[in-house]
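Please read the structure below before turning to the comments.
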Amino acid sequence: MPAEVHGSPPASLCPCQSVKFRPGLPEMALLTALDDTLPEEAQGPGRRMILLSTPSQSDALRACFERNLYPGIATKEELAQGIDIPEPRVQIWFQNERSCQLRQHRRQSRPWPGRRDPQKGRRKRTAITGSQTALLLRAFEKDRFPGIAAREELARETGLPESRIQIWFQNRRARHRGQSGRAPTQASIRCNAAPIG
DNA sequence: CTTCTAACCTAATCAGATC
DNA sequence: GATCTGATTAGGTTAGAAG
């Protein structure tokens, strides 16, 4: 494994300051994962509860990020196991961190190291069976934006990881627009502001 | 209140499987 | 090679915790 090191200084906190819209309609009553004894019902129908990293977890994530901005699935799983965080959360962390650092680089007119071997070390393509697809399709027709509870339920029913369910819905929405289902979120309205057809 | 960060989203693209 | 579809990316928004 070529541990490509980039010459950037150690990243401390990432000052992302892109927040410019704050509606404030907290109807979901989400709870923090700091108290990990919460019952499942407490997670509510919306987003998954926020899993805040401990300082040591953040250190490990940053250390890994400095070595490799685009870790493969093996690296992510190893890291996830090492610091006791679900692998999908590690993936999200890297996505957020890259986004943050990219913006910083641009703001300071510094070059971004760029992708490296993105095709190497991808997650193995998940084989979704016909019955699993049928189940997901039925769910999709009812609700194109399932919350965490619905996704967890689908994960139980299909036997697929919840993260794969989420990806399936993302891909499905992207490729089958205009189907019935729950109204999109404000985010999707905003993102779809440009007319498509 | 503002800032930070995790979660989530779209759009584009890469890539494996199948024909 | 064309098509379908799962996986990953950039770049953005949303929302709870912390300051």
Side-chain angles (χ1 to χ4, degrees), chain A residues 11-35 38 42-55 57-58 61-62 65 69-73 75-76 85-107 112-130 132-133 136-137 140 144-148 150-151 158 160-177 182-196:
Chain A
S12 55
L13 289 180
C14 192
C16 285
Q17 294 168 357
S18 63
V19 182
K20 54 188 173 188
F21 178 73
R22 220 162 275 281
L25 49 149
E27 190 80 37
M28 288 188 260
L30 294 178
L31 299 161
T32 300
L34 293 175
D35 177 4
L38 291 168
Q43 295 179 15
R47 291 180 165 213
R48 97 178 47 244
M49 58 182 175
I50 291 176
L51 286 165
L52 289 176
S53 305
T54 66
Q57 286 171 334
S58 294
L61 286 162
R62 289 204 177 88
F65 184 82
L69 279 61
Y70 299 89
I73 182 63
T75 305
K76 280 183 282 194
I85 284 180
E87 181 274 327
R89 299 309 103 205
V90 172
Q91 180 155 10
I92 294 292
W93 188 92
F94 271 84
Q95 288 174 6
N96 282 327
E97 188 68 16
R98 273 197 305 269
S99 191
C100 195
Q101 299 267 341
L102 260 161
R103 185 174 312 179
Q104 242 186 332
H105 273 69
R106 228 186 342 238
R107 203 178 280 134
W112 180 251
R115 298 186 188 192
R116 31 159 261 107
D117 291 341
Q119 51 274 55
K120 284 230 165 111
R122 272 193 173 208
R123 181 190 314 274
K124 265 186 94 172
R125 187 185 170 94
T126 302
I128 300 181
T129 67
Q132 286 169 330
T133 301
L136 292 169
L137 279 173
F140 183 81
R144 300 172 65 219
F145 295 85
I148 180 62
R151 294 201 306 269
T158 59
L160 295 167
E162 183 273 327
S163 60
R164 298 307 92 201
I165 303 279
Q166 190 163 21
I167 295 298
W168 187 91
F169 271 85
Q170 283 177 11
N171 282 325
R172 187 78 196 174
R173 282 195 299 268
R175 288 158 187 162
H176 299 267
R177 299 200 188 94
R182 195 184 73 189
T185 62
Q186 292 184 40
S188 48
I189 291 168
R190 202 179 313 281
C191 289
N192 290 330
I196 295 169

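Just so it is clear: chains get the letters A, B, ... in the order the sequence lines come, proteins before strands, and each one is counted from 1.
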Note to self: Can you tell me which nucleotide in dA7(B), dA7(C), dT10(B) comes closest to the side chain of F145(A)?
What the structure shows: dT10(B)
Can you find a donor-acceptor pair, distance only, under 3.5 Å between [X] side chain and [N] base?
X: R175(A); N: dT13(B); value: yes
X: R125(A); N: dT5(C); value: yes
X: R172(A); N: dT5(C); value: no
X: R173(A); N: dC9(B); value: no

Are any of [X]'s side-chain N or O atoms less than 4.0 Å away from OP1 or OP2 of [N]?
X: Q91(A); N: dT8(C); result: yes
X: W93(A); N: dT5(B); result: no
X: S99(A); N: dG12(C); result: no
X: R177(A); N: dA11(B); result: yes
X: R106(A); N: dG11(C); result: yes
X: Y70(A); N: dA10(C); result: yes
X: R164(A); N: dG6(C); result: no

Item checked: Parallel, tilted or perpendicular: ring planes of Y70(A) versus W112(A), cut at 30 and 60 degrees -> perpendicular
